[in-house]
Amino acid sequence: MTQAERDNLTRRRAGDRGGHVESYFLKANDPASRRAFWIKFTLYVPKGRPEDGLAEVWAVLFDGEGGGMRKVGAKTVMPIAEARLAISDAALDFGGSTLRPGATAGSVESGQSIRWDLRHTTTSEPLHLLPLERMYDLPLPKSKLLTPYPSERFDGAIEFGGERWDVAGWPGTQGHNWGRQHAEHYAWVHCNRFEGAPDAVFEGFSARVKLGPLTTPFISAAVVRAGGATYDFRGPRALFSRAVRVTPTSWSFSAGCGDRAILVSASCRPEEMAGLHYPNPDGEMTYCLNTKIGDLDVTIRDRSGVVLALECRGAGALEVATKDPGHGIDMLL
């Protein structure tokens, strides 16, 4: 079993009464337009009621071509007992929708029918954003994230509403996150479709974590891979940087590490965001605000000047989560 396959093993354990949320997601962008897909396999286990756990399949399509904006979404929900989880191998089957190393196929229907059959390369090295590996096994943070396949190329097809999207060499990723609950407030960004830098990939986050009655300031991390080099901003200066700003449609972050510094700016228009309801195991609601067609600028400097400058227009993934129902974004699902 490869490291990426180990990273995709399900973290939920049968009978655990502490509550659990878990998500496997795939996203990719058309290299020639503002179109993108987002497919998710999720687990939701309410606290104290493991027998009521649910398995869900979500699909959201973004189409910003021609200056307009169209978002199409659908989901399927079933008891978790009816789903095959990735316990001993990296294979899921949620009611006939499947996720396996390098492939996913399935369909969802909730007013809108979306079907897909997709394959992706499995050549990119996994990316673990938490700064210490042991943090993936410790009780804190309560939410974990890693990316088994951070920079892939997707092929296949998506069909919906009488349309067909032929997917050929679309850059994308497959990620995995889990925990006792969703982080109190966070922003997450990913991109691997930068102008003039086809091998570059960026991933970063800022998150506030609830500890009993207290909520921490934002903790942050970011990693850039480009031109055969890795720029790692997961050390203490990045983790505890106060240069963080999160709004429902933007994330900005800057930090230093050694003799280098990074400046990140991600944003989108409100209409490019799709709002999704994410219930927590304790009953509280998190509002997930997500786009796959945002803009992103990443600049890395050292004492001599700019080391790397990356620009993305219309292909950046930006996810903001908040418990504030007044976020102002239309909810899709």
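For clarity, every value in this text was computed on a predicted model and none was experimentally measured.
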Phe37 vs Phe154, ring pair (Phe, Tyr, Trp, His ring centres under 6.0 Å): CA-CA, chis, key distance, verdict: CA-CA 11 Å; Phe37 68 77; Phe154 283 78; 5.6 Å; yes
Measuring from atom [atom1] of [X] to atom [atom2] of [Y], what distance do you get when rounded to the nearest 0.5 angstrom?
X	Y	atom1	atom2	answer
Thr147	His128	OG1	NE2	8.0 Å
Ile87	Arg12	CD1	CZ	7.5 Å
Glu203	Thr173	CD	OG1	6.0 Å
Lys144	His176	NZ	NE2	12.5 Å
Gln181	His20	CD	NE2	12.5 Å
Arg313	Cys191	CZ	SG	10.0 Å

State plainly whether one hydrophobic cluster holds both Met135 and Phe205, where clusters connect Ile, Leu, Val, Met, Phe, Trp and Tyr through side-chain heavy atoms under 4.5 angstrom apart. yes
For residues Tyr24 and Leu85: do they belong to one hydrophobic cluster (side chain heavy atoms under 4.5 Å, members Ile, Leu, Val, Met, Phe, Trp, Tyr)? yes
Within the side chain of His277, is there an N or O that forms a donor-acceptor pair under 3.5 Å with the backbone of Leu333? yes
Do we get Lys292 above Trp38's six-membered ring, with its NZ or CZ under 6.0 Å from the centre and within 45° of the axis? yes
May I ask you to establish whether Arg35 and Trp165 are in a cation-pi arrangement, using a distance under 6.0 Å from NZ or CZ to the six-membered ring centre and at most 45° from the ring axis? yes
Does a side-chain N-to-carboxylate-O contact under 4.0 Å join Glu22 and Arg11? no
Parallel under 30°, tilted from 30 to 60°, perpendicular over 60°: which one fits the rings of His327 and Tyr287? tilted
Of the non-hydrogen atoms in [X] and [Y], which two are nearest, and what is the gap between them?
X	Y	result
Gln3	Pro126	CG-CG, 4.0 Å
Arg153	Asn192	NH1-ND2, 3.5 Å
Pro131	Leu239	CG-CD1, 4.0 Å
Ala157	Leu118	N-CD2, 3.8 Å

Of [options], the residue whose pairing with [X] passes side chain to side chain donor-acceptor pair (under 3.5 Å):
X	options	value
Thr286	Asn280, Thr322, Asp324	Asn280
Glu319	Trp251, Tyr186, Trp188	Tyr186
Ser206	Ser220, Ser241, Ser252	Ser220

Step by step, work out the side chain to side chain donor-acceptor pair (under 3.5 Å) result for Thr42 and Glu56. CA-CA 5 Å; Thr42 68; Glu56 304 169 330; 2.8 Å; yes
Do Val224 and Thr230 make a side-chain contact, defined as non-hydrogen atoms from C-beta onward lying under 4.5 Å apart? no
Can you confirm whether Phe202 sits close enough to Phe194 that some side-chain heavy atom of one is under 4.5 Å from a side-chain heavy atom of the other? yes
Check the surroundings of atom CZ in Arg134: do more than 12 heavy atoms from other residues, nucleotides or ligands lie under 6.0 Å from it? no
Go through the steps to decide whether Ser110 and Lys75 satisfy the test side chain to side chain donor-acceptor pair (under 3.5 Å), and finish with yes or no. CA-CA 6 Å; Ser110 55; Lys75 66 182 290 190; over 6 Å; no
Name the residue from Asp297, Ile300, Thr299, Leu296 that meets the side-chain contact (heavy atoms from CB on, under 4.5 Å) definition with Val264. Leu296
